[in-house]
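Naming: A, B, ... by sequence-line order, numbering from 1 per chain.
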Protein chains: 2
Amino acid sequence: MNQLVTKKPEHETIYLRVRDMILFGEVVPGQPVTIHGLAQAIGTGVTPAREAIRRLTAAGALVSRENRRIEVPDMTAHRLEQIELVRLTVEPALAEAAAKRCKPHDIKELERLDALVDEAIKVGDIRGYLEANYHFHFYLYGLADAQILHRIAETLWLRIGPSLRVVCGRYGTANLVDHHRKATEALWANDPQKTKEAIAQDIRQGMDFVRQTSAD
Amino acid sequence: MNQLVTKKPEHETIYLRVRDMILFGEVVPGQPVTIHGLAQAIGTGVTPAREAIRRLTAAGALVSRENRRIEVPDMTAHRLEQIELVRLTVEPALAEAAAKRCKPHDIKELERLDALVDEAIKVGDIRGYLEANYHFHFYLYGLADAQILHRIAETLWLRIGPSLRVVCGRYGTANLVDHHRKATEALWANDPQKTKEAIAQDIRQGMDFVRQTSAD
DNA sequence: ATTTCAATAATTTGATCAAAAGTTATCTGA
DNA sequence: TCAGATAACTTTTGATCAAATTATTGAAAT
């Protein structure tokens with residue numbers, strides 16, 4: 001019998017788990033991450049935890065300080081500026097490419113995800129908002145079939161995840177606006193250019209929102 | 001007495017070593033990389049080699065295939081297009097920022113590195129060209145004080161390193177043109193905008209050159 | 001000669017251990 | 001009470017080992 005599920009290695013699982021922790025605000029900028037503590041928290045050995053941490057530091061999601069301590073990097077205005085520059089190049093390009101390959105079935109899925117975003121905002125569920133927002137964007141980006149851009153976008157989201165959590169915690173979800181409607185409408189209209197612009201606008205406003213927390 | 005050199009861990013050394021191997025064309029697209037073989041080649045244990053490989057796969061410099069084999073990714077026109085898009089955003093921005101903080105001493109160093117590029121082209125030393133070219137660009141980018149952009153640029157160079165080596169090997173260094181003079185002149189003139197444009201032009205022509213090897 | 005199947009070899013993966021390095025707590029002496 | 005030194009604890013790091021997985025080799029059958 002064919003084995004349908006290819007068992008993924010432990011370090012891959014841990015990597016995905018910690019990645020989610022960072023993306024969805026379970027960690028805070030400046031928070032130290034120990035290889036031991038991580039292994040213990042997840043309930044696994046230290047070897048796969050090490051490898052997961054290496055991958056995350058390579059992606060810039062964690063930083064390794066000189067005393068070989070590892071922690072979640074904090075955000076600065078300067079870093080935010082760099083991230084915005086690249087996001088505004090990469091993600092609209094992904095959205096444009098996605099729009100060209102998008103099927104009605106995909107747009108419906110995006111609308112479903114967007115409804116989750118709205119719901120989370122209304123209820124004030126920060127974690128739910130972060131997850132739904134991420135899934136909306138990366139379902140769209142996944143349609144683009146552009147792995148390199150996709151991965152760059154992911155590393156940038158890993159960098160803003162913790163800060164986004166902080167600012168949401170401070171100001172709540174009331175100030176959040178959902179700009180995804182414009183994107184799905186452009187997709188229905190089969191208009192890649194408009195989709196691209198909608199995502200660019202969404203990014204600009206998201207980054208403005210995060211800017212409220214960054215130290216100088 | 002103060003310890004001036006902080007001993008860097010083994011996995012860091014190996015990482016840098018393999019990184020150089022990729023950047024400077026000691027590996028070929030499609031070439032398999034075994035964790036064992038690497039440890040044996042460098043003459044070290046398997047644990048630090050593993051961690052170095054994880055970092056490189058996280059950066060996209062190596063790809064992990066489904067049969068948990070790891071190899072150097074090959075280049076395609078589509079990938080090249082994605083890389084060019086991001087390079088043309090990130091590196092000119094770095095050059096512009098660098099131009100604003102550049103001291104005469106730095107420009108002299110850049111001219112020294114550029115002379116090495118010229119020399120390598122003249123002599124037909126491919127490895128020497130790759131190294132000198134890299135050092136010219138990243139000495140400049142290092143002046144910008146923009147770590148995030150800097151690291152993104154590095155990952156992109158890691159992706160084109162093997163292909164650049166292949167195309168140089170096929171066509172030799174005769175077809176290479178050195179566009180750095182325009183950049184150093186703009187730096188002397190204290191003209192960030194011109195510096196930015198010079199680097200953008202250099203990137204475009206470099207990518208055109210690599211395009212000759214990529215499969216469809 | 002080619003294909004199939006089993007056996008062998010090589011490799012990855014995760015656990016464990018010892019040594020090195022760093023951090024925290026305690027104790028001492030003023 | 002407070003500063004400095006020592007001790008105890010924690011963490012990282014690299015080596016080693018066993019199990020699991022994958023590739024490769026070789027033999028047998030058609």
Side-chain angles (χ1 to χ4, degrees), chain A residues 1-22 26-74, chain B residues 1-19 21-22 27-74:
Chain A
M1 190 176 71
N2 244 343
Q3 192 147 344
L4 290 181
V5 292
T6 30
K7 208 192 324 173
K8 68 178 73 167
E10 187 87 357
H11 66 82
E12 179 77 14
T13 313
I14 299 177
Y15 167 75
L16 291 174
R17 181 104 166 249
V18 181
R19 181 177 151 283
D20 280 1
M21 288 173 62
I22 295 172
E26 284 178 45
V27 297
V28 166
Q31 180 174 330
V33 174
T34 72
I35 214 167
H36 241 166
L38 189 64
Q40 209 157 2
I42 314 247
T44 180
V46 74
T47 309
R50 254 199 285 197
E51 302 184 44
I53 284 184
R54 293 285 173 257
R55 289 176 61 180
L56 288 161
T57 53
L62 299 173
V63 293
S64 147
R65 303 190 55 181
E66 68 288 345
N67 19 335
R68 53 184 188 173
R69 275 292 158 85
I70 288 170
E71 62 177 45
V72 181
D74 52 354
Chain B
M1 190 176 72
N2 245 345
Q3 192 148 343
L4 290 181
V5 292
T6 29
K7 206 194 322 172
K8 69 176 73 167
E10 187 88 356
H11 67 83
E12 179 76 14
T13 312
I14 299 177
Y15 167 76
L16 291 173
R17 181 105 165 248
V18 182
R19 182 176 151 282
M21 288 172 62
I22 295 171
V27 297
V28 165
Q31 180 173 329
V33 174
T34 72
I35 197 169
H36 242 165
L38 188 65
Q40 210 158 3
I42 314 243
T44 180
V46 74
T47 310
R50 252 198 286 195
E51 302 185 46
I53 285 183
R54 291 287 173 257
R55 288 177 61 179
L56 288 161
T57 53
L62 299 173
V63 292
S64 148
R65 303 188 55 180
E66 67 288 346
N67 18 336
R68 53 184 191 172
R69 276 294 154 84
I70 288 170
E71 62 178 46
V72 180
D74 52 353

Please tabulate, for the side chains in residues 28-42 of chain A, all donor-acceptor contacts under 3.5 angstrom to protein atoms that are two or more places apart in sequence or on a different chain.
{"unit_1": "A:Q31", "atom_1": "OE1", "unit_2": "A:V28", "atom_2": "N", "d": "3.0"}
{"unit_1": "A:T34", "atom_1": "OG1", "unit_2": "A:G37", "atom_2": "N", "d": "2.8"}

Worksheet item: Among all residues two or more places apart in sequence or in another chain, which pass the side-chain hydrogen bond (donor to acceptor under 3.5 Å, both in side chains) test with A:T47?
Response: none
Practice prompt. Sort and list the pairs that fulfil salt bridge (Lys or Arg N to Asp or Glu O under 4.0 Å) and have at least one residue in residues 29-48 of chain A, not counting sequence neighbours.
Written response: none
Discussion item. Once side-chain hydrogen bond (donor to acceptor under 3.5 Å, both in side chains) is applied, do any residues pair with A:T57, and if so which ones, sequence neighbours excluded?
Written reply: none
Worksheet item: Which letter, B, S or -, goes with each nucleotide of nucleotides 12-17 of chain D from 5' to 3', with contact meaning a protein heavy atom under 4.0 Å?
Response: BBBBB-
Item to complete: Only counting residues at least two apart or in another chain, list the ones meeting side-chain hydrogen bond (donor to acceptor under 3.5 Å, both in side chains) with A:R54.
Response: B:H11, B:E51
Worksheet, complete the sentence: Atom CG of A:N67 and atom P of D:dT10 are separated, to the nearest Å, by 19 Å
Worksheet item: What is the distance, rounded to the nearest whole Å, between atom CZ of A:R65 and atom P of C:dG22?
Response: 14 Å
